[in-house]
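The next block holds one structure in the form of structure tokens; read it before the comments.
Both backbone and side-chain heavy atoms feed into the values below; hydrogens, waters and symmetry mates do not. Letters A, B, ... are given to chains in the order of the sequence lines, protein chains preceding strands, and every chain is numbered from 1.
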Protein chains: 2
Amino acid sequence: MSIIARRQRERTEMRQLILDAARSIFLEKGYDHTSIRTIAERIEYSPGTIYLYFKEKDDIFHALHEEGFRRLLESMQPLLHVQDPMERLKAMGRLYLDFALKNKDFYDLMFIMQAPMNMEKDPCNWEMGSHTLDFLKSVIRDCQKAGYFKGKDAEDLSFMVWSTVHGMAALFCRNRCQVYENREALDLVEKGFTYFSEMLERY
Amino acid sequence: MSIIARRQRERTEMRQLILDAARSIFLEKGYDHTSIRTIAERIEYSPGTIYLYFKEKDDIFHALHEEGFRRLLESMQPLLHVQDPMERLKAMGRLYLDFALKNKDFYDLMFIMQAPMNMEKDPCNWEMGSHTLDFLKSVIRDCQKAGYFKGKDAEDLSFMVWSTVHGMAALFCRNRCQVYENREALDLVEKGFTYFSEMLERY
DNA sequence: TTGGAAAAATGAACACTGTTCATTTTCTTT
DNA sequence: AAAGAAAATGAACAGTGTTCATTTTTCCAA
């Protein structure tokens, strides 16, 4: 019996080996400019071997997509210690932006990259995404119970809030902040989010 | 003399022929999945011919990038007839979003795609982009003169406003609205923008 | 310990990509 | 019609994702 167990273990180890190499190269060169051959070379295996562990290149992408969502969820943990709903909402925005700025390439992978966005193939991540979104909606509803956002629809509001932080993250990730000459991108995001927080609080 | 003139004319006609074909295929299959050979085949020329009119594939991208910015600027024309600054700001957001939703692929090309974002190569579009941004800032300053956004920095505010509409457009373009199951993406954007407009007005 | 089955890894091959360039075709002028 | 210039060609190169017949390694029973 122990042999099957070892086989299984070695299999997941090999998968992880590929994923680690792939992530490192993706984050360096981008998804499109990373070839299977390069990944294979990095781990000192032949290109064909990769296909024994992943059906296609997209599968590697999806595995990393999943890792990104796990990291995002983890980074949201501090929210559990914030009681006041509006403070919690603002903290959530901050943590989300922090994640994006500090994990630029993971963020790109998760929310910007043009990848096969089909629920069939990536049910786990859709679930994690949905959970995060559900959490956002519930925080917004808590705010409403506390007197904010009277008469607004929580779902529509959640989309607007998400759009704003995503917008900043996306402009940052794809270097569009450069149109603001002589301005530090990080500073723009910082100030922009501060204003948005104030707006939310007064809405 | 007339022959040189015709030569010149034929040259720009050929460029346009290539651009039209390229745009049509880009918008259908996306930049990465459009090959030079496909474009050549569409216009019934050999692949090599393309390279007599464009140094490389990226050059075609940049030409379309420019066309996109021309279209965006054009679609902003109605703003000249809106006097009230806050109405003008809201109208600007609407027109921007309309442009993004109706020209999904142009928008993607202009604001999302990971393309060589270097000012040296694309000075014209950086200029157009800067102008659009300058206009946004000036509208915001007009709002401030009318009593809105007291004590805020116009540039930082412009970044926040841009981020929000861009965020919606980007989530739309890259199919991330799908996490909202049973919701029409266009409806989310519509409601989201309405809320954002209200927030702006009260800020 | 050895034979053979099963699992794992290989790398050549296929059809595709962007790009280059010697060759051929077409046009223009003398 | 001949010579020269401009335009178009398509084969070739080095790269891509992916497949699969072949080889190597691992395993267990005899």
Side-chain angles (χ1 to χ4, degrees), chain A residues 1-23 25-26 28-65 109 113-116 118 121, chain B residues 1-23 25-26 28-65 109 113-116 118 121:
Chain A
M1 264 325 269
S2 79
I3 283 181
I4 306 179
R6 181 180 52 78
R7 278 261 163 81
Q8 193 70 35
R9 198 183 62 233
E10 282 177 350
R11 219 189 138 67
T12 68
E13 277 172 3
M14 187 63 175
R15 264 184 74 96
Q16 200 52 55
L17 187 67
I18 295 171
L19 282 178
D20 287 342
R23 184 180 63 241
I25 306 177
F26 280 169
E28 187 190 334
K29 310 197 183 203
Y31 179 76
D32 280 324
H33 298 94
T34 301
S35 74
I36 296 291
R37 283 171 183 78
T38 312
I39 301 172
E41 201 172 353
R42 173 75 63 93
I43 61 174
E44 296 176 300
Y45 276 83
S46 74
T49 303
I50 309 270
Y51 288 87
L52 299 176
Y53 297 87
F54 294 94
K55 204 175 111 317
E56 52 193 358
K57 196 185 174 188
D58 272 353
D59 276 11
I60 304 180
F61 174 88
H62 279 110
L64 289 173
H65 202 247
L109 202 94
M113 270 190 193
Q114 193 69 280
N118 43 9
K121 199 161 189 186
Chain B
M1 264 323 269
S2 79
I3 282 181
I4 305 178
R6 180 180 54 78
R7 276 263 162 79
Q8 194 68 36
R9 199 182 62 233
E10 281 177 349
R11 218 189 138 68
T12 68
E13 279 172 2
M14 187 62 174
R15 263 184 77 95
Q16 198 53 54
L17 187 67
I18 295 170
L19 282 178
D20 287 343
R23 185 179 64 242
I25 306 176
F26 279 170
E28 188 190 335
K29 310 197 183 206
Y31 179 76
D32 279 325
H33 297 95
T34 301
S35 74
I36 296 291
R37 284 171 182 79
T38 313
I39 300 172
E41 202 173 353
R42 173 75 63 94
I43 61 172
E44 296 176 302
Y45 275 83
S46 74
T49 302
I50 308 269
Y51 287 87
L52 299 176
Y53 297 88
F54 295 94
K55 203 174 112 320
E56 52 193 357
K57 196 185 174 188
D58 271 353
D59 277 10
I60 304 180
F61 174 88
H62 279 110
L64 290 173
H65 201 247
L109 202 94
M113 270 190 192
Q114 192 70 278
N118 43 8
K121 199 163 188 183

**OP:** Establish, with yes or no, whether the OP1 or OP2 oxygen of C/dC27 is under 4.0 angstrom from a side-chain nitrogen or oxygen of B/Arg7.
**Re:** no

Between the CD1 atom in B/Ile50 and the CG atom in B/Leu17, the distance rounded to the nearest 0.5 Å is 8.5 Å

note: B/Leu52, atom CG; D/dA5, atom P; distance rounded to Å ~ 18 Å

| query | Is the A/His65 ring parallel, tilted or perpendicular to the A/Phe61 ring (thresholds 30°, 60°)? | reply | parallel

For this session: Describe the nucleic acid contact of B/Phe54 in one word from base, sugar-phosphate, nothing, applying a heavy-atom distance below 4.0 Å.
Result: nothing

Here the distance between atom P of C/dA9 and atom CD1 of A/Ile50, to the nearest Å, is 11 Å

To the nearest 0.5 Å, atom CD of A/Gln8 lies from atom OG1 of A/Thr12 at 7.0 Å

Numerically ordered, the residues 10-23 of chain A set in heavy-atom contact under 4.0 Å with DNA chain C is none

Atom CD of B/Glu44 and atom P of D/dA8 are separated, to the nearest Å, by 14 Å

In this structure, OG of A/Ser46 is separated from CZ of A/Arg37 (nearest 0.5 Å) by 11.0 Å

From CZ of B/Phe61 across to P of C/dG18 the rounded distance in Å is 15 Å

Output for pair (B/Ile43 CD1, B/Thr38 OG1), nearest 0.5 Å, gives 11.5 Å

Nucleotide by nucleotide, nucleotides 11-25 of chain D touches protein heavy atoms under 4.0 Å in the pattern (B base, S sugar-phosphate only, - none) -B---BBBB------

From OH of A/Tyr45 across to P of C/dG11 the rounded distance in Å is 13 Å

- Task: Report yes if some heavy atom in the side chain of A/Met14 is under 4.5 Å from a heavy atom in the side chain of A/Thr49; otherwise report no.
- Result: yes

- Item | Sub-4.5 Å side-chain heavy-atom contact between B/Arg23 and B/Leu19 | no

Less than 4.0 angstrom between a side-chain N/O of B/Tyr53 and OP1 or OP2 of D/dA7, yes or no? no

Just by distance, with hydrogens left out, do A/Asp58 and A/Tyr31 show a side-chain donor and acceptor under 3.5 Å apart? yes

For B/Asp59 and B/Glu56, what are the C-alpha separation, side-chain angles and deciding distance, and is it a side chain to side chain contact (heavy atoms under 4.5 Å, CB included)? CA-CA 5 Å; B/Asp59 277 10; B/Glu56 52 193 357; 4.1 Å; yes

